[in-house]
Amino acid sequence: MNTNGAAPAINVTPLIDVLLVLLIIFMVISPLKAARFKTLIPEEPERRQNVVANIHTLVVSLDARGGLRLNGGNALGTARDTSQLAVALTELFRQRREARVFRHGLADLSTIPESERIEKTVFVKAPRSLPYGEVARVIDGIKGAGAQPIGLQIDELEP
């Protein structure tokens with residue numbers, strides 16, 4: 001019991017000073033952080049008649065059961081086991097290196113090593129009903145084979 005009659009009180013002034021300093025710091029830092037992430041959304045393609053695909057285009061297709069095919073050919077495993085696909089892509093990239101099949105516009109650039117100029121672009125086409133994890137496994141298998149860049153083929157853009 002307090003005998004002099006003064007009640008104990010907590011001095012909150014230092015706490016308020018610290019909070020104001022933190023508020024000022026966050027106000028100064030907030031405009032410096034990245035405010036957006038730039039993405040490119042595909043536009044509606046023009047409908048053209050008699051369009052011929054590039055003969056070097058590689059499309060890995062997944063069916064609803066997770067089966068893999070390269071350019072619509074024979075089955076090359078499943079989304080859970082991409083080893084057959086990786087072997088096929090590695091062999092194809094080796095053949096392209098020997099035949100000197102370069103990416104469009106990079107054939108004459110001697111500043112880039114030849115191994116980086118080889119056409120190794122692969123597109124992945126999968127139904128929307130397939131879980132994302134299975135598509136990610138396929139992308140990892142394709143990366144392991146040396147493909148770069150890897151694109152996703154989008155169909156049915158309508159909501």
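Sequential numbering from 1 along the given sequence is applied to the chain's residues.
No option in T121, V124, I150, L89 other than L89 meets the side chain to side chain contact (heavy atoms under 4.5 Å, CB included) test with L58.
Annotation for A86 and A145: closest pair O-CB, 3.7 Å, computed over non-hydrogen atoms. The nearest pair of heavy atoms linking A88 to L76 is CB-CD1, 4.0 Å. Nearest heavy atoms, V122 versus F93: CG2-CZ, 4.1 Å. Listed here is the closest heavy atom pair of E134 and A79: OE1-CB, 3.6 Å. Contact detail for V135 and A126: the closest heavy-atom pair is CG2-CB, 3.9 Å. Smallest separation of non-hydrogen atoms from G146 and K120: O-CD, 3.3 Å.
Note that CD1 of I24 is 12.0 Å distant from CD1 of I29, once rounded to the nearest 0.5 Å. How far CG of L85 is from CG of L92: 10.5 Å, rounded to the nearest 0.5 Å.
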Donor-acceptor contacts under 3.5 Å from residues 136-143 side chains, at least two apart:
none

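Partners of R96 under the salt bridge (charged side-chain N to carboxylate O under 4.0 Å, His left out) rule, at least two apart in sequence or in another chain, do not exist in this structure. Scored by the side chain to side chain donor-acceptor pair (under 3.5 Å) test, Q148 finds R103 as partners (sequence neighbours excluded). Scanning for side chain to side chain donor-acceptor pair (under 3.5 Å) contacts around D81 gives S83, with sequence neighbours left out.
Residues in residues 7-17 take part in these side chain to side chain donor-acceptor pair (under 3.5 Å) pairs, two or more places apart or across chains: N11-T13. Counting only residues at least two apart or in different chains, side chain to side chain donor-acceptor pair (under 3.5 Å) contacts with residues 63-76 are absent.
Neither V101 nor V59 shares a network with the other; the hydrophobic side chains, linked directly or stepwise wherever heavy atoms of I, L, V, M, F, W or Y lie under 4.5 Å apart, form separate groups for each. V12 and L20 fall within a single hydrophobic cluster, where Ile, Leu, Val, Met, Phe, Trp and Tyr side chains are chained together by heavy-atom contacts under 4.5 Å.
The shortest side-chain heavy-atom distance between T57 and F123 falls under the 4.5 Å cut-off.
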Begin from the C-alpha positions of L62 and L68 and carry the test side chain to side chain contact (heavy atoms under 4.5 Å, CB included) through to its verdict.
CA-CA 5 Å; L62 281 92; L68 298 173; 3.5 Å; yes
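Within a 6.0 Å radius of CZ in R94, other residues, nucleotides and ligands contribute more than 12 heavy atoms.
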